[in-house]
Amino acid sequence: MLPIKDNNPTTITPWVTYAIIALNVVVFLFTVSLDPRSAQLVNLQYGAIPAIVFGHADLPPEFSPFPPGFGFLSIFSAMFMHGGWMHLGGNMLYLWIFGNNVEDAMGHFRFLMFYLICGIAAALGHGLLDTQSHIPMIGASGALAGVLGAYFLLYPKARVLVWFFWVFIFYVPAVFVLGFWFVTQIINFGSGADGGIAWVAHIAGFVAGLALIPLFKHRNIPLWHDGSPAPAFGIYRPGRKARDAGTGSNIPPWAAAYEAERAAKHASMRDDQRGPWGKEGDNRDTSPWGRYRPATGPKQKQPTKPSVGVPKVVRLHKDANPDDN
């Protein structure tokens, strides 16, 4: 199941998402331009090696790009490295589709901090499996998993266009797409599929995103949102906030669109003198709903249609009773 796009618009330009994608592409183009030996050395220097992150080992001073005792900084450099075109393309596609809405929900700086913290949580979760491991971990998958976890809670009902089994293309709810992705990571880890992929990093990053999104999102952004001006769940009494606006109360952003539409409908009914604003004695609808507009001018009589009944049968005998038909 490959996502292509979602139908969830944004209110800001996701500059941080664009910058992260651009930086990942630039770093990858640099690494693929190296010879195999140099590329392997770069992975050792800048990849997140659990033994170095947890302080059990150090690179030789002539190879280490970080000062002594600061080898854990490789967690950050590893987030922008990838092992191949498919690795890079899959991660950046998911970040392009889901990252802009998460950034929109928390702002530029908060999103950058959120992305990095989820990447740290993913690296630590992977490293805790074997703190003595000397195998470097690279890729943005862990930080990206945190973005997916945040989107899962923010916009579960947003519609995502997916390419299913490379044949069918259709819209499905985001909760299904991201839930399927997360369950797949758990199944792959449990079955030991492809030991070269850090499945635990994906799981840890996703869980970190679920836990951190309530702390990083803007206060006026509800969880379990469907991308529409109104929340999927919540209690709001229409008109109450609008009437209390003079006392200092503010209409929630997710309810402002509804209130504006409601006010425009009332203004139109008032201009047309419909509903409770209708004139007396002119046969206008005075119901509080104002759903019907009476016809203007004198009421015209509707033409009657000829009735359909049993045809009259006339007897042919002259001596028959004329009323006996």
> Hey, does the side chain of S77 reach the backbone of S74 with a donor-acceptor pair shorter than 3.5 angstrom?
Replying inline: yes
>> Considering only residues two or more places apart or on different chains, which pairs with a residue in residues 23-58 satisfy ring pair (Phe, Tyr, Trp, His ring centres under 6.0 Å)?
In response: F28-W85
> Where is the tightest heavy-atom contact between W181 and A145, given as atom of each residue plus distance?
Replying inline: CH2-CB, 3.6 Å
> Considering all heavy atoms of both residues, which atom of F80 and which atom of V27 are nearest to each other, and what is their separation?
Replying inline: O-CG1, 3.1 Å
Report all side-chain donor-acceptor pairs from residues 59-69 shorter than 3.5 Å, counting only partners two or more places apart or in another chain.
{"from": "S64", "atom 1": "OG", "to": "F66", "atom 2": "N", "distance (Å)": "3.4"}
{"from": "S64", "atom 1": "OG", "to": "F66", "atom 2": "O", "distance (Å)": "3.1"}

> Among all residues two or more places apart in sequence or in another chain, which pass the side-chain contact (heavy atoms from CB on, under 4.5 Å) test with F72?
Replying inline: F70
>> Do I120 and M79 have side chains that approach each other closer than 4.5 Å (heavy atoms only, starting at C-beta)?
In response: yes
> Listed by chain and number, what are the side chain to side chain donor-acceptor pair (under 3.5 Å) partners of H218, not counting sequence neighbours?
Replying inline: none
> For residues 95-109, which residue pairs qualify under side chain to side chain donor-acceptor pair (under 3.5 Å), counting only residues two or more places apart or in two chains?
Replying inline: T11-D104, T17-E103, E103-H108
> Once you round to the nearest 0.5 Å, how far does CD1 of I221 lie from CD1 of I213?
Replying inline: 9.5 Å
> Checking R110 side chain against F216 main chain: does a donor-acceptor pair fall under 3.5 Å?
Replying inline: yes
> With distance as the sole test, does S191 use its side chain to make a donor-acceptor pair with the main-chain N or O of N188 at under 3.5 Å?
Replying inline: yes
>> I'd like to check the side chain to side chain donor-acceptor pair (under 3.5 Å) partners of Q45; sequence neighbours left out, ordered by chain and number.
In response: none
